[in-house]
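Computed from a predicted model, the values in this text were never measured in an experiment. In what follows, residues are counted from 1 in the order of the sequence shown.
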Amino acid sequence: MQIIMLKTSKIVKYLLTKTIIIYIAALFTITQAAARDAELYSAPGRQLELIETIINNSQIVRDESHDVYFLHDDETNFYLKLYDYPLGVHVFSVYDNAEIQSRFYQALKKAGINLTEEENKDYKKEYYFDFIQYVRNNKNLSFKVMPDKVSGVSTVLNTAVDKFQKEEVPYASNYTPDTGEIFLTLFDTDMFYNQDIKIIKNKYRLKQKSNRKFHAYEYVLYNNTSNDITLLDVTGDKLRKTNVLITVTTDFDKLSTISTAGGALAPFTLGISYVLKLPELVSNIKTTSELSRYTLDFPRNYVIKPNENCRILTLYERDRQVSLGFNMLINSKESTIEF
């Protein structure tokens, strides 16, 4: 493993040297963006369809493939996206014309939508990243954001490292569920239920910079029977620990927007060698610590006793459909649940 890390370190330095130079050039050459602001409001209950109806009756254009609404002309850029979340609906918008923004929200309030400003900043940060990704990949709006010049670094590096490392053991020999409390913002929750078992799936936003690449998931399996349930194994694409860490340590997306361009130049005044040490510095300790509980191996042949549960924590890439297969022995019969 030591040899692997030495080779990995050389690859990191080579790739980052090239990409950082390109990134600095982009900081100097990109045109200045118009001022923009973002707002996030919440509406309690299940009012998503009503809000969509109001929007569809306005002049706002809908990009159905991305579930995004927008206005764009010579004077106005307006971006809007609706999100279901556990307590209701989030209405997130980015604009460079305050009059258009105000007119839209007044229309919602007149229609009886009870809107309050969302206090949890994690939601706003998450949705703003979605906005940046949308503007990067679509030409419907003329908002300016920094182009993604470094996303390919982790892909190339992961491919190179895969050639050196052996396959990780997919299962834990003695699985001990993580019982610690999760101090993360809950984005979504879903439930599967039948007479034998209940499964709750929760989706969370990570606190460290890995939230730009991954979401954390919690699965809790409850035994509703009077007998033991044996969780034979868990199937599904699992992110390898090494690849997860490489992805987050080679991510510079915090330097993505024009608004941070000035601050982004500060580290480079200390020299490229300083920046190249980032993947090896203690700056990654918080990220590694946060991710560690979500990269544990899946259980195998784990017994869930009556009225007890098994908790599984895992990671998945953003905007990816998450589904695990639970192969179980219930009342002497094998059963598989995809959820």
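Comment: Arg293 engages Asp178 in a salt bridge, judged by a side-chain N to carboxylate O separation of less than 4.0 angstrom. Salt-bridge annotation for Lys207 and Asp122: absent, with no side-chain N of the basic residue lying under 4.0 Å from a carboxylate O of the acidic one. Ion pairing between Lys203 and Asp190 fails under the 4.0 Å rule for side-chain N and carboxylate O.
Between the side chain of Asn223 and the main chain of Ile304, a donor-acceptor pair closer than 3.5 Å is present. Under a 3.5 Å cut-off, the side chain of Glu317 and the backbone N or O of Phe214 do not form any donor-acceptor pair. Checking side-chain atoms of Asp96 against main-chain N and O of Asn77 turns up a donor-acceptor pair under 3.5 Å. Here the side chain of Glu118 pairs a donor or acceptor atom with the backbone of Asn120 at under 3.5 angstrom. Looking only at distances, a side-chain donor or acceptor of Ser58 sits under 3.5 Å from a matching main-chain atom of Ile55. Using modelled atom types, one side-chain atom of Thr225 and one backbone atom of Asn227 make a donor-acceptor pair closer than 3.5 Å.
Ring-centre distance between Tyr127 and Tyr83: below the 6.0 Å cut-off. Centroid-to-centroid, the aromatic rings of Tyr128 and Phe131 come within less than 6.0 Å. Between Tyr85 and Tyr123, a ring centre-to-centre spacing shorter than 6.0 Å is recorded. Aromatic ring centres of Phe78 and His72: separated by at least 6.0 Å.
In this structure, the separation between CZ on Arg300 and CG on Asn327 is 10.5 Å, given to the nearest 0.5 Å. Interatomic distance, NZ of Lys201 versus CG of Leu324, reported as 7.5 Å (0.5 Å rounding). If you take CD1 on Ile330 and CD on Gln195, they are separated by 9.5 Å, rounding to the nearest 0.5 Å. For the atom pair CD (Gln59) and CG (Asp73), the distance works out to 10.0 Å, reported to the nearest 0.5 Å. From Asp67, atom CG reaches atom OH of Tyr134 across 10.5 Å, with rounding to the nearest 0.5 Å. Separating the OG atom in Ser323 from the CZ atom in Phe339 is a distance of 9.0 Å, to the nearest 0.5 Å.
Annotation: side chain of Lys124 is not in contact with side chain of His90 (no heavy-atom distance under 4.5 Å). You'll find the side chain of Arg46 stays beyond 4.5 Å of the side chain of Leu48, heavy atoms only. No side-chain heavy atom of Tyr217 sits under 4.5 Å from any side-chain heavy atom of Leu313. At least one side-chain heavy atom of Thr295 sits less than 4.5 Å from a side-chain heavy atom of Leu315. By the 4.5 Å heavy-atom criterion applied to side chains, Tyr95 and Asp37 are counted as neighbours. Residues Leu231 and Leu329 fail the side-chain proximity criterion, which asks for heavy atoms closer than 4.5 Å. Residues Phe70 and Leu80 form no side-chain contact, since every pair of their non-hydrogen atoms from C-beta on lies 4.5 Å or further apart. Between Glu52 and Arg62, some side-chain heavy-atom pair lies under the 4.5 Å cut-off.
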_Candidate pair Met328 and Ile197, rule side-chain contact (heavy atoms from CB on, under 4.5 Å), full reasoning_ = CA-CA 10 Å; Met328 295 172 287; Ile197 194 163; 3.4 Å; yes

task: I would like to know whether His215 and Glu126 meet side-chain contact (heavy atoms from CB on, under 4.5 Å); could you show each step before the answer?
output: CA-CA 10 Å; His215 284 137; Glu126 175 79 7; 2.6 Å; yes

Does the pair Lys198 and Val220 meet the rule for a side-chain contact (heavy atoms from CB on, under 4.5 Å), with working shown?
-> CA-CA 8 Å; Lys198 178 176 73 173; Val220 185; over 6 Å; no

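For the salt bridge (charged side-chain N to carboxylate O under 4.0 Å, His left out) with Asp130, the lone residue among Lys125, Arg136, Arg318, Arg212 that qualifies is Arg318. In summary, of the residues considered (Asp84, Ile113, Leu115), a side chain to side chain contact (heavy atoms under 4.5 Å, CB included) with Val89 occurs for Asp84 alone.
A continuous path of hydrophobic side-chain contacts links Ile60 to Leu50 [ILVMFWY only; heavy atoms under 4.5 Å]. Hydrophobic cluster membership is shared by Val68 and Val61, with clusters built from Ile, Leu, Val, Met, Phe, Trp and Tyr side chains linked at under 4.5 angstrom.
Scanning for ring-ring contact (aromatic ring centres under 6.0 Å, His included) contacts around Tyr222 gives an empty result, with sequence neighbours left out. The ring-ring contact (aromatic ring centres under 6.0 Å, His included) check on Tyr302 picks up Tyr175, with sequence neighbours excluded.
Atom CG of Asn137 sits in a crowded spot, with more than 12 heavy atoms from other residues, nucleotides or ligands closer than 6.0 Å.
Judged by distance alone, the side chains of Asp63 and Ser65 do bring a donor and an acceptor atom under 3.5 Å apart.
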